Amino acid sequence: MEERYDAQRIELKWQKYWTERGIYKTDLDPSKKKFYCLEMFPYPSGEIHMGHVRNYAIGDVIARYKRMRGYNVLHPMGWDAFGLPAENAAIKHSVHPSKWTYKNIDYMKKQLNRMGLSYDWEREVTTCSPEYYKWNQWFFLKMLERGLVYRKHSYVNWCPSCATVLANEQVIDEKCWRCDSIVVQKKLEQWFFKITHYAEELLQGCGELKGWPERVVLMQKNWIGKGEGVEVDFPIVEMDEQLRIFTTRPDTLFGVTFMCIAPGHPVSEKLVKDIDKLETIKGKYGKEDEKIGLFTGHYAINPLNSVKVPVYIANFVLMEYGTGAIMSVPAHDQRDFEFAKKYDLPIKVVIVPEEQPQEEGPPTHPYPARRMAGGPSRVEGKGGGEALSLDFTEAYEDEGVLVDSGQFTGMRSDIARQQITKFIEEKGLGKAVVNYKIRDWGISRQRYWGTPIPIIYCDKCGIVPVPEKDIPVVLPEDVKLTGKGGSPLFELEEFLKVQCPKCGGNARRETDTMDTFVDSSWYFIRYCFRKGDIDLTSELRANNSESSYWMPVDQYIGGVEHAVLHLLYSRFFTRVMRDLGLLNINEPFQNLLTQGMVIKDGAKMSKSKGNVVDPNYLIDKYGADTSRLFSLFAAPPEKDLEWSDKGVEGANRFLNRLWGIVYKNHEALNAKRKTAENPIYISRLTPDALRLFRKTHQTIKKVTTDIEREYHFNTAIAGLMELVNEMTSFEPKSDEDWATFKFAIERLLLLLSPFSPHIAEELWETIGNKPSIFVQEWPDWDEDAAKEEKIELVIQINGKLRSKIMISPGTPDDELKKMALEDQKIKEIVGAKAIKKVIVIRGKLVNIVIVG
RNA sequence: GCCGGUGUGGUGGAAUUGGCAGACGCGCCGGACUCAAAAUCCGGUGGGGGCAACUCCGUGUGGGUUCGACUCCCACCACCGGCACCA
């Protein structure tokens with residue numbers, strides 16, 4: 001054994017050993033309980049960063065721990081390999097995206113292996129390979145058959161200089177993330193996945209996500225955005241048109257003083273003759289800063305009270321939500337209020353704050369001032385209270401009591417909502433409806449490096465899906481990427497020109513590719529099988545298929561930035577696949593851990609801020625074990641991790657100390673076969689040895705429960721450090737001492753092995769055990785052995801710490817009370833004062849309550 | 001604006017059910033080793049007061065509940081994150 005801890009040497013040694021023995025290869029084994037441990041796969045950008053190190057260190061600890069716990073663990077890794085950066089690199093460096101991507105994968109795979117991660121590489125997924133994206137196309141075709149894919153015109157984010165559609169997340173402050181051009185809205189014909197078909201189910205399914213962080217579930221719920229309300233038809237005066245509106249506040253229907261419709265609303269062109277003015281409004285559509293409107297000259301009738309109200313075109317009304325038309329109640333909606341002020345429209349109050357019972361004081365005002373907050377107030381005088389002051393500064397949007405609302409006057413607003421809805425339905429004026437904020441998922445991208453959409457356009461037959469037998473539609477490689485915009489596929493005749501599968505005539509292929517989020521929506525299902533060109537659907541449909549064994553994922557780990565998009569899409573895809581008879585689960589991810597960011601100098605590490613720490617440098621200098629240990633020790637996984645050079649050195653120091661202890665004793669440890677597990681030894685232990693023995697059991701307990709309880713690795717590692725501190729001050733002399741010492745070291749190495757696998761494996765061998773430590777079982781602790789012989793009893797007087805005494809655990813309450821009262825210090829303080837009460841918490845404390 | 005989260009020493013963070021606040025690490029201070037330094041090892045380290053035994057204060061702020069509150073309740077402040085004309 002070498003005196004110096006040489007991380008590089010032992011890490012290479014054991015990585016080679018593990019790979020050669022294939023100890024991470026996983027097979028289906030129905031006799032064992034399965035555990036599917038998954039980390040979000042990386043985009044092969046070129047190099048791993050600290051975020052990856054943290055993410056994958058967390059996942060690896062869980063995978064290794066579960067394996068030692070006897071689970072059959074699936075722990076795979078792959079590459080989210082399609083995407084725009086590859087195209088950018090291609091243009092900049094004149095390399096093909098494919099070459100660039102595969103080169104990056106090669107390098108990053110080496111980096112991951114240097115971290116000593118326990119992946120089964122035989123299941124590696126690379127989304128840009130035809131054998132993978134073929135199934136994107138297959139799903140597309142099946143969804144098309146089922147009406148879950150459709151094509152429509154819609155507004156999309158368009159970068160004029162790149163000449164491509166951008167995803168929402170690629171638009172930063174209304175600018176293109178790549179070239180900083182202002183992104184515009186452009187109407188384009190695009191392919192959509194009908195995720196809204198599953199909106200209700202995805203919302204309901206949130207209830208099943210017990211193992212997810214609450215905030216992520218909440219973000220999903222908010223994203224789906226269910227709104228229950230009612231649609232009401234307002235007839236337009238002197239026209240054969242109904243204006244259908246949606247509202248969640250039917251209780252305010254009597255307060256309608258005007259109507260607004262979206263500039264893109266189909267009726268808008270019928271109502272407005274001045275097209276120029278309409279275009280002006282359209283130009284300001286969706287702009288948050290100002291509300292502008294245009295009076296159409298037309299009026300509509302409120303079907304509830306037959307009041308005639310003017311109809312406006314307004315830029316703030318969205319075509320995409322509800323019906324694209326609203327009833328405006330300025331007294332009870334802030335936006336309507338602002339609009340009414342601007343265009344001098346009437347404001348009619350129909351809800352006032354509910355009367356609160358006043359406990360004291362004269363009833364100077366019928367409503368508590370606190371709740372009025374700038375809202376409407378009643379003017380004293382006119383008996384019935386119908387006269388209301390209108391000089392308030394903002395809309396009153398809270399609940400209250402209806403006034404001036406016909407037969408519903410006096411009703412509480414929440415009840416009125418139900419009653420008016422019922423009334424509308426009975427009279428046939430409209431119907432109760434549910435709206436969702438979630439929109440269908442536009443998947444068309446005018447990019448090259450993605451999955452070709454398997455569609456053919458024929459002049460005679462129209463839109464023709466590529467027949468199933470003809471997929472994959474392979475992405476051609478011999479293209480020229482100029483960066484001038486537009487898909488290079490458009491220039492490629494061999495790709496573009498195709499025979500129509502229906503009529504055999506000349507036809508043209510779709511040149512758009514799929515959003516890369518499609519790739520990542522089901523990759524975790526592909527991992528259930530070996531890599532290669534498999535017939536995925538037959539594998540999925542097979543009896544006792546590997547997917548039914550492995551799915552769902554037991555633990556998913558990744559950044560919170562995917563809280564909505566990727567996780568929502570995956571939940572959607574899982575349901576689609578279920579309905580295609582390919583899966584028998586509803587939710588793909590049982591438990592989700594969203595790890596925090598890696599922070600340096602108060603900001604997320606990023607190249608533009610120049611505060612990145614290169615994992616290569618870290619592993620070169622300290623080794624993978626130190627790097628892993630630090631990233632797990634510095635903060636609990638779900639919190640942000642503040643980078644600290646000194647902290648890394650601390651982690652390294654700990655491993656060095658451990659190495660030193662073993663080095664100092666390795667010959668003796670190797671010679672001594674026996675460990676202290678045998679109770680005969682225990683009875684003969686010296687007090688020092690007994691203390692170490694007890695600490696060892698306590699540490700097993702602590703580390704195990706810390707891992708089980710919310711993966712609190714930071715405190716688990718702190719426990720390991722305590723045990724090492726204990727060992728440092730222990731000098732074995734007798735056989736019993738050595739047995740105790742060896743026992744402590746062996747347990748420590750087992751407990752350390754998921755965190756810092758190489759050094760644990762090396763020292764395990766050094767002290768005379770056969771590799772691999774990872775075929776060992778996770779150690780158990782003995783509750784009795786972990787128990788302290790004497791524990792401190794805290795004695796408080798009136799809740800303040802006044803004395804401590806040593807007691808035996810299990811001393812009865814009466815005894816504790818007696819001991820506390822007899823304590824010298826306590827006697828002095830209590831003196832002659834009367835004792836009101838004594839509270840005894842068994843094994844912990846006694847609190848004496850005295851007067852004065 | 002709406003929703004959610006977080007506030008603990010010089011610092012990253014502990015504290016399982018309301019029961020010793022500050023585990024463990026970093027830093028700092030002192031000591032050992034050394035010609036010296038680094039590394040390593042040993043000891044100390046929330047703040048104020050006291051020679052000392054000891055004592056008072058202390059978990060963002062202000063209240064409350066309780067024998068007892070970092071923990072529960074109410075109000076507020078600060079920071080972080082998500083959504084944002086969603087009718």
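None of these values were measured; they are calculated from a predicted model. When reading the values below, keep in mind they use all heavy atoms of this one structure, side chains included, and skip hydrogens, waters and symmetry mates. Letters A, B, ... mirror the listed sequences (proteins, then strands); counts begin at 1.
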Report task. Could you walk me through whether A:Glu722 and A:Lys702 pass salt bridge (charged side-chain N to carboxylate O under 4.0 Å, His left out), step by step? Result -> CA-CA 11 Å; A:Glu722 281 187 59; A:Lys702 177 169 176 56; 5.9 Å; no

Query raised in the report: Between A:Asp414 and A:Arg417, is a salt bridge (charged side-chain N to carboxylate O under 4.0 Å, His left out) present by the stated rule, with each step listed?
Result: CA-CA 5 Å; A:Asp414 53 339; A:Arg417 255 195 309 277; over 6 Å; no

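For the C1' atoms, the distance from B:U71 to B:A21 is 11 Å, rounded to whole Å. With both ends at atom P, the span from B:G22 to B:A15 equals 13 Å, rounded to whole Å. Remark: the separation of the C1' atoms in B:G19 and B:A38 is 47 Å, to the nearest Å.
For CD of A:Glu200, the number of neighbouring non-hydrogen atoms (other residues, nucleotides, ligands) closer than 6.0 Å is greater than 12. Within a 6.0 Å radius of NZ in A:Lys836, other residues, nucleotides and ligands contribute 12 heavy atoms or fewer.
The nearest whole Å value for the distance from the CD atom in A:Glu3 to the C1' atom in B:U40 is 11 Å. Between the CZ atom of A:Arg54 and the C1' atom of B:G12 there is a distance of 12 Å, rounded to whole Å. Rounded to an integer number of Å, the gap from A:Tyr321 OH to B:A84 C1' is 13 Å. Spacing between atom CE of A:Met219 and atom C1' of B:C83 amounts to 8 Å, rounded to whole angstrom units. Rounding to whole angstrom units, CZ of residue A:Phe246 and C1' of B:A87 are separated by 8 Å. One atom, CD1 of A:Ile599, and another, C1' of B:G81, lie 11 Å apart when rounded to the nearest Å. Atom CD of A:Glu320 and atom P of B:A84 are 13 Å apart (whole Å).
When base pairs are accepted only as Watson-Crick or G-U wobble with both N-N or N-O distances under 3.5 Å, RNA chain B takes part in stems of 3 or more pairs at B:1-7 with B:77-83, B:10-12 with B:24-26, B:27-32 with B:40-45, B:46-49 with B:54-57, B:60-64 with B:72-76.
Here A:Tyr569 and A:His566 keep their ring centres 6.0 angstrom or further from each other. Aromatic ring centres of A:Phe630 and A:Trp643 lie closer together than 6.0 Å. Annotation: A:Phe258 is in aromatic contact with A:Phe339 [ring centroid separation under 6.0 Å].
Contact annotation for A:Val317: base contact, defined as any heavy-atom pair under 4.0 Å involving a base atom. Among the atoms of the strands shown, none is found under 4.0 Å from any heavy atom of A:Asp336.
Under a 3.5 Å cut-off, the side chain of A:Arg571 and the backbone N or O of A:Leu202 do form a donor-acceptor pair.
Because its glycosidic torsion is more than 90° from 0, B:G27 is reported here as anti.
Remark: the A:Gln698 side chain and the A:Glu788 side chain contain an N/O donor-acceptor pair separated by less than 3.5 Å.
For the pair A:Leu218 and A:Glu338, both in contact range of RNA chain B, the more 5′-proximal nearest nucleotide belongs to A:Leu218. Toward the 5′ end of RNA chain B lies the nearest nucleotide of A:Asn222, the other residue of the pair A:Asn222 and A:Thr728 mapping further downstream.
Shown here are the ring pair (Phe, Tyr, Trp, His ring centres under 6.0 Å) partners of A:Phe234, two or more places apart in sequence or in another chain: there are none. Taking A:Phe192 as the reference, A:Tyr150 meet the ring pair (Phe, Tyr, Trp, His ring centres under 6.0 Å) condition, with sequence neighbours excluded.
For the atom pair CG of A:Leu655 and OG of A:Ser756, the computed distance is 5.0 Å after rounding to the nearest 0.5 Å.
Of the residues in residues 642-661 of chain A, those placing a heavy atom less than 4.0 Å from an atom of RNA chain B are A:Lys646, A:Gly650, A:Arg653, A:Arg657, in numerical order.
Between A:Trp212 and A:Leu567 there is a side-chain heavy-atom pair separated by less than 4.5 Å.
Relative to the ring axis of A:Tyr436, A:Lys226 does not place its NZ or CZ within 45° and under 6.0 Å from the centre.
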N/O-N/O pairs, protein side and nucleotides 14-24 of chain B side, under 3.5 Å:
| from | atom 1 | to | atom 2 | distance (Å) |
| --- | --- | --- | --- | --- |
| B:A14 | OP1 | A:Asn714 | ND2 | 3.1 |
| B:G19 | N2 | A:Gln796 | OE1 | 3.2 |
| B:G19 | N2 | A:Asn847 | ND2 | 3.4 |
| B:C20 | O2 | A:Lys804 | NZ | 2.6 |
| B:C20 | N3 | A:Glu792 | OE1 | 3.2 |
| B:A23 | O2' | A:Glu722 | OE2 | 3.1 |

Report summary line: Counting primed atoms, P, OP1 and OP2 as sugar-phosphate and everything else as base, the B/S/- map of nucleotides 43-56 of chain B against protein heavy atoms under 4.0 Å is -------------S

